[in-house]
Amino acid sequence: MPELPEAEVVRRGMARWAAGATAGELAVLDPRSVRRSPGGAGALRERLAGAELAEPARRGKFLWLPLAGGEDAVVVHLGMSGQVRVDDPGAPDQRHLRLRLPVRSADGSAHELRFVDQRIFGGWWLDPVVQDPASGDAVPASAAHIALDPLHPLFDADEVHRRLVRRRSTLKRALLDQTLVSGIGNIYADEALWAARLHPERPTERMTRPQTRAVLAAVQDVMRRALAVGGTSFDALYVNVDGRSGYFARSLEAYGRTGQACRRCAAEGREGVIVREPFMNRASHLCPRCQPRPRRSTRTVTG
DNA sequence: ACTAAGTCCTGCTAGC
DNA sequence: TGCTAGCAGGACTTAG
């Protein structure tokens with residue numbers, strides 16, 4: 001699933017051909033992929049035709065193509081199965097191809113930016129650009145509520161801690177809340193919790209500052225390592241703009257390793273096994289020996 | 001029938 | 001009793 005490292009790989013892949021390019025006429029093969037765009041396919045197509053694209057940008061899992069002039073941008077969100085592909089004009093359609101944007105790149109070459117999305121959680125939409133007062137960044141309005149991501153230069157773990165302990169929730173749920181810290185999804189949440197030896201159900205108000213620092217440092221570490229090898233690919237759902245897979249799946253310690261030995265336990269002579277636990281109609285993967293379930297919460301249970 | 005999951009939206013509840 | 005902020009959970013989606 002695309003999380004921050006995968007979105008960043010896609011951003012870099014797009015940058016070479018999109019930065020400074022001139023857009024042609026957008027083909028909308030499935031209007032559901034532009035359902036968030038004001039005015040629908042027609043308005044988006046009209047705005048893009050002939051528009052100059054600037055350097056692609058990203059915050060958390062949100063990507064966008066700023067349009068020359070700086071007043072608006074095309075947001076590209078991958079959802080859970082979205083891909084951006086850069087193809088030669090006339091290349092055969094991919095299965096689940098939803099959008100096709102011809103571009104004349106800065107070097108004069110012709111390409112197509114294509115949006116392929118099996119499950120249609122993602123999409124493209126036109127959005128005004130606003131200034132985020134906290135960072136000074138220019139961001140699309142629909143991404144303005146998103147917190148800084150862990151790889152942002154101004155990311156402040158202690159500020160996240162202060163906000164975290166005010167919450168009456170649990171740790172993994174908080175890590176997935178894009179308004180607290182952005183870019184983390186189910187894979188990197190499980191990996192960071194394993195690395196920091198913290199249970200996903202740990203109450204947020206009982207987190208210590210060293211624990212918060214540890215889990216956020218683990219997020220940064222696992223994201224940087226994933227980025228270095230092109231992201232995490234489990235199947236054909238996530239690929240780079242060239243259609244190539246990332247190699248981080250083989251480095252995962254918790255996610256997707258249900259029933260397999262915990263490698264840290266094995267290295268230390270213990271026999272922990274990764275288990276899968278239900279979580280928000282989804283799943284968490286963890287080692288019960290490294291990540292013991294917190295003792296019963298001190299939170300008041302009404303009844 | 002059930003699995004995968006990012007984000008938006010709705011509705012509930014605690015607390016004042 | 002009523003308001004609000006914050007939190008939890010459902011809806012959306014398709015292939016295997």
Side-chain angles (χ1 to χ4, degrees), chain A residues 1-8 10 29-38 58-64 75-84 94-99 115-125 127 139-147 149 162-193 200-205 207 219 223 231-239 249 252 254-259 275-285 297-303:
Chain A
M1 296 344 112
E3 303 180 27
L4 186 154
E6 293 74 36
E8 177 61 17
V10 170
L29 286 69
D30 192 322
R32 290 177 296 180
S33 292
V34 297
R35 66 186 181 280
R36 286 190 68 179
S37 200
R58 180 193 57 75
R59 173 175 290 189
K61 308 169 195 174
F62 283 74
L63 291 166
W64 63 94
V75 178
V76 174
H77 203 291
L78 303 176
M80 72 179 286
S81 60
Q83 305 173 359
V84 175
Q94 291 86 353
R95 186 152 162 76
H96 305 121
L97 178 64
R98 311 295 185 189
L99 306 171
F115 188 63
V116 177
D117 190 12
Q118 180 194 106
R119 296 175 194 170
I120 324 187
F121 278 19
W124 291 17
W125 62 90
D127 212 12
V139 297
S142 58
H145 66 296
I146 298 299
D149 65 57
R162 285 190 285 274
R163 297 181 56 203
L164 181 71
V165 294
R166 286 204 296 265
R167 300 203 168 191
R168 295 295 174 265
S169 187
T170 51
L171 180 55
K172 181 169 172 183
R173 194 176 247 284
L175 291 176
L176 295 177
D177 182 345
Q178 306 296 302
T179 68
L180 179 68
V181 47
S182 69
I184 305 174
N186 210 38
I187 296 172
Y188 297 106
D190 283 359
E191 292 302 303
L193 289 165
E201 304 295 330
R202 172 171 282 275
T204 48
E205 72 267 32
M207 287 289 289
V219 169
M223 283 183 168
T232 301
S233 303
F234 282 101
D235 47 36
L237 283 187
Y238 165 72
V239 294
L252 295 176
Y255 186 89
R257 297 195 67 243
T258 308
V275 300
R276 177 186 178 279
E277 291 186 354
F279 170 80
M280 293 171 65
N281 288 327
R282 291 159 170 78
S284 287
H285 307 77
S297 169
T298 56
R299 291 158 64 188
T300 307
V301 178
T302 56

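Chain naming here is simple, since letters A, B, ... match the order of the sequence lines and numbering starts at 1 in each. The figures that follow rest on heavy atoms only: side chains count, while hydrogens, waters and symmetry mates do not.
A heavy-atom distance below 4.5 Å is found between the side chains of Arg173(A) and Met280(A). By the 4.5 Å heavy-atom criterion applied to side chains, Val84(A) and Val76(A) are counted as neighbours. The shortest distance between side-chain heavy atoms of Asp117(A) and Gln83(A) does not fall below 4.5 Å.
Phosphate proximity of dG9(C) to Arg173(A): present, with a side-chain N or O under 4.0 Å from OP1 or OP2. Phosphate contact (OP1/OP2 of dA15(C), side-chain N/O of Arg95(A), threshold under 4.0 Å): present. For Ser169(A) and dA8(C), the shortest distance from a side-chain N or O to OP1 or OP2 is below 4.0 Å. At least one side-chain nitrogen or oxygen of Tyr255(A) sits closer than 4.0 Å to the OP1 or OP2 atom of dA5(B).
Between the axis at the start and the axis at the end of the helix from dC2(B)-dG16(C) to dC16(B)-dG2(C) there is an angle of 50°, using five pairs per end and rounding to 10 degrees.
A donor-acceptor contact closer than 3.5 angstrom links the side chains of Lys172(A) and Ser284(A). A side-chain donor-acceptor contact under 3.5 Å links Tyr188(A) and Thr232(A).
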Practice item. Evaluate the side-chain contact (heavy atoms from CB on, under 4.5 Å) criterion for residues Trp124(A) and His77(A): first the C-alpha distance (whole Å), next the side-chain angles of each, then the deciding distance (0.1 Å), finally the verdict. Key: CA-CA 6 Å; Trp124(A) 291 17; His77(A) 203 291; over 6 Å; no
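Remark: C1' of dT13(C) and CD1 of Ile120(A) are 6 Å apart, rounded to the nearest angstrom. Met80(A) places its CE atom 12 Å from the P atom of dA15(C), with the value rounded to the nearest Å. The CD-P distance, from Glu6(A) to dA5(B), rounds to 13 Å in whole Å. For the pair Arg163(A) CZ and dA5(C) P, the interatomic distance rounds to 15 Å; values are reported in whole Å. Distance Arg168(A) CZ to dG15(B) C1': 12 Å, rounded to the nearest Å. Rounded to whole angstrom, the span from the NE2 atom of His285(A) across to the C1' atom of dT3(B) amounts to 11 Å. We find that CG of Asn281(A) is positioned 12 Å from C1' of dC2(B), with the value rounded to whole Å. Rounded to whole angstrom, the span from the CD atom of Glu3(A) across to the P atom of dA4(B) amounts to 14 Å.
With sequence neighbours excluded, no residue forms a ring-ring contact (aromatic ring centres under 6.0 Å, His included) with Tyr238(A).
Between the side chain of Arg119(A) and the base of dA4(B), at least one donor-acceptor pair of N or O atoms lies under 3.5 Å.
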Using a cutoff of under 3.5 Å, can you pull out all pairs of nitrogen or oxygen atoms linking the protein to nucleotides 7-10 of chain B, with atom names and distances?
unit_1	atom_1	unit_2	atom_2	d
dT7(B)	OP1	His77(A)	NE2	2.5
dT7(B)	OP2	Lys61(A)	NZ	3.3
dT7(B)	O4	Arg282(A)	NH2	3.4
dC8(B)	OP1	Arg36(A)	NH1	3.2
dC8(B)	OP1	Arg36(A)	NH2	3.1

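In this structure, CZ in Phe121(A) is found 13.5 Å from CG in Leu78(A), a value given to the nearest 0.5 Å.
Position along DNA chain C of the nearest nucleotide to Asp30(A) versus Arg166(A) favours Arg166(A) as the more 5'-ward residue.
With Trp125(A) as the fixed residue, the side chain to side chain donor-acceptor pair (under 3.5 Å) test singles out one of Ser142(A), Ser33(A), Ser37(A): Ser142(A).
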